[in-house]
Each structure stands twice: as structure tokens, then as C-alpha cells.
Amino acid sequence: MSSSISQRIATIRASLPASVRLIAVSKQVPTELMRQAYAAGIRDFGENRIQEAASKQAELQDLPDITWHFIGHLQSNKAKKALELFDWIHSVDNLHIAQRLDTLAQQLGVSPLVCLQVKVLPDANKSGWMIPELFNDLEALNQCKNLQIQGLMTIPPLDLDDGEVLNVFNHTHKLAQEITSQQWLNIKMVHLSMGMSGDYHLAVQAGATMVRLGTILFGNRS
Ligand SMILES: *Cc1c(COP(=O)(O)O)cnc(C)c1O
């Protein structure tokens, strides 16, 4: 078992450009398997539930150099805990939560790395900004001085074919370039968090800098 996780990690790592950060999505994965991934070189773990992350971090305290990425929908009442537990929040998905995180970050004296979650196509099952709304909110986001806005995150709708998924990723890349061209002082667009087990090869083609992989590393979640 242990060799199979490390082999999968080695194979995927070798298939990715060196500049692409591999985030192991460990939601619902027991800490024994996370330790195997760590032993195989993984230092970035992604979680989507605050409570689950808190107990795993307690269990993995002896592994000090992990970077923790929050990738789930964040509720206002969990924002403070998220800032305490996570280095990155990929899933900042509306202005209200961004401003809440900004206020709390100032109080806590932290400067979290964040991505703005966008939907280039409508998707009732996902949160995130539609593109026109994102442009409307950029000025207010630029005022969130305690957030280090690093780029965009996206998840394509479920029912697309590969060509359509690639279009979504390319469109997200283009959106990041458009935002960059507006020269906001406090909004960097240097990261694209996109690509999961089924579509990361397309995301990488479109310029992803971070892929979030769960199933392909750890097997099916129950
Ligand atoms: C679960 C999840 C992933 C990983 O999905 P896999 O298909 O298992 O690779 C990536 N990103 C987000 C936001 C997720 O919730």
C-alpha cells in the first residue's frame, strides 16, 4: 500500500512541469495515508472542512513543514478558525467573506494567501464569482490589504467534455491576464488553482500553477 501511494505521487509529479505545485487533497483521507504522502515528498495538503483539518493538524503536529490549503466553501462563522489553521484559502468566493477575512486577518496579525474562486460558466452547484460581478468587486477586493490575493481558482461544471473543460481553464487564464492589465496594487494574478484528478492535464495545458489532486493519489473516498 505504502509503495502504491508513493509510486502514484512519483508518476504524477514526473508528469507535471516542475513549476506546478501539487496539492494533495486529503479530505476524508486518514492521517496514516497522509503520512505516506508526506514520506513521498508531499508538503501541501488541501482540506475542505475546518473541523476535520483541525483534528488532522493535531495528529500531524510532528510534521512541521506542511502548508495547509483550504479548498472548501467557507462560512463566515468559520472564517477565524480558517485563518488560524490554513496558510492558503483557495476558495474565497464572494466579497462579504473576503472582507470578513480581511478584518479578522488584521485582528490576528496574519496575511493569508488567497485565490478568488470564479465561475466562467453558470453552475448552480458551485459558489464563486461570475465574471461581471468579479470585475465589479475588484476595487473593494483591492482594499482588503490584509489578504495576499494571489490569483484565481476555478472548478468547471461537471457535465462538460474535455474541449469545453479546456475552454473553461483557458478562459480563467485569460481573465487573470485581464485583471493583471488593470494594475491593481493589492491584487496579484500569479497563481491559477485549477485541475482535479479527472482534468488536471487540461488545467496544466491552460497554465495552472497549482493542481488539487485527491482520488488519483489516495484512491476513492468512501
Ligand atoms: C475534492 C476536491 C478536489 C480533489 O478532487 P479529486 O477529483 O478527488 O482529485 C479538488 N478541489 C476541490 C475544491 C475539491 O473539493
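- Among all heavy-atom pairs drawn from I216 and R8, the shortest one is O-CD, 3.2 Å.
- Interatomic distance, CG of L213 versus CZ of R13, reported as 10.0 Å (0.5 Å rounding).
- The shortest side-chain heavy-atom distance between E84 and L108 falls under the 4.5 Å cut-off.
- Between A24 and I42, the shortest heavy-atom distance links the atoms CB-CG2, 3.7 Å.
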Go through it in stages, so that I can follow the logic: the residues are V25 and I71, the test is side-chain contact (heavy atoms from CB on, under 4.5 Å), and I'd like the CA-CA distance, side-chain angles, deciding distance and then a yes or no.
CA-CA 9 Å; V25 174; I71 61 169; 3.6 Å; yes
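- Scanning both residues, L185 and N142, for their nearest heavy atoms gives N-OD1, 3.4 Å.
- M189 and W184 fall within the same hydrophobic cluster, where Ile, Leu, Val, Met, Phe, Trp and Tyr residues are linked whenever their side-chain heavy atoms come under 4.5 Å apart, directly or through other members.
- Criterion: ILVMFWY side-chain heavy atoms under 4.5 Å apart, direct or through other members. Under it, L104 and L74 are part of a common hydrophobic cluster.
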For side-chain contact (heavy atoms from CB on, under 4.5 Å), just list the numbers for V114 and W88, CA-CA rounded to whole Å, side-chain angles, deciding distance to a tenth of an Å, and then say yes or no.
CA-CA 6 Å; V114 309; W88 278 83; over 6 Å; no
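- We find that D44 and R212 are not joined by a salt bridge, their nearest charged nitrogen and carboxylate oxygen being 4.0 Å or further apart.
- Judged by distance alone, with hydrogens and angles left aside, the side-chain atoms of S91 form a donor-acceptor pair with the main-chain N or O of G72 at under 3.5 Å.
- Nearest heavy atoms, P122 versus M130: N-CE, 3.7 Å.
- With 3.5 Å as the limit, one finds no donor-acceptor pair spanning the side chains of W129 and D93.
- The hydrophobic cluster containing M34 also contains L217, counting ILVMFWY residues as joined when their side-chain heavy atoms lie under 4.5 angstrom apart, directly or transitively.
- In this structure the side chain of I9 never reaches within 4.5 angstrom of the side chain of F218, judged on heavy atoms.
- A donor and an acceptor atom, one from each side chain of E59 and T31, are located under 3.5 Å apart.
- Using a 4.5 Å cut-off between side-chain heavy atoms of Ile, Leu, Val, Met, Phe, Trp and Tyr, with links allowed through other members, L95 and L147 fall into the same hydrophobic cluster.
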Verdict with supporting geometry, T67 and R21, side-chain contact (heavy atoms from CB on, under 4.5 Å)
CA-CA 11 Å; T67 298; R21 196 155 168 180; 3.6 Å; yes
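- A donor-acceptor pair shorter than 3.5 Å can be found between the side chains of S26 and E47.
- One N or O on the side chain of Q148 and one on the backbone of S111 form a donor-acceptor pair closer than 3.5 Å.
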Take T154 and F169, measure what side-chain contact (heavy atoms from CB on, under 4.5 Å) needs, and give me the verdict at the end.
CA-CA 8 Å; T154 201; F169 291 146; 4.0 Å; yes
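- Residues N146 and D102 have side chains that bring a donor and an acceptor to within less than 3.5 angstrom of each other.
- Panel note: side chain D199, backbone L202; no donor-acceptor pair is recorded below 3.5 Å.
- Annotation: the span from Q177 atom CD to K174 atom NZ amounts to 9.0 Å, rounded to 0.5 Å.
- The side-chain heavy atoms of L152 and C115, taken from C-beta on, include no pair separated by under 4.5 Å.
- Contact record, L138 with I187: O-CD1, 3.5 Å, taken as the closest heavy-atom pair.
- Neither I131 nor I155 shares a network with the other; the hydrophobic side chains, linked directly or stepwise wherever heavy atoms of I, L, V, M, F, W or Y lie under 4.5 Å apart, form separate groups for each.
- The minimum heavy-atom distance between L192 and A176, with the atom names listed, is CD2-CB, 4.0 Å.
- Aromatic ring orientation, F86 versus F70: perpendicular (interplanar angle above 60°, classes split at 30° and 60°).
- Under a 3.5 Å cut-off, the side chain of H173 and the backbone N or O of A206 do form a donor-acceptor pair.
- Salt-bridge formation is not detected for the pair R35/E32: no Lys NZ or Arg NE/NH1/NH2 atom is positioned less than 4.0 Å from an Asp or Glu carboxylate oxygen.
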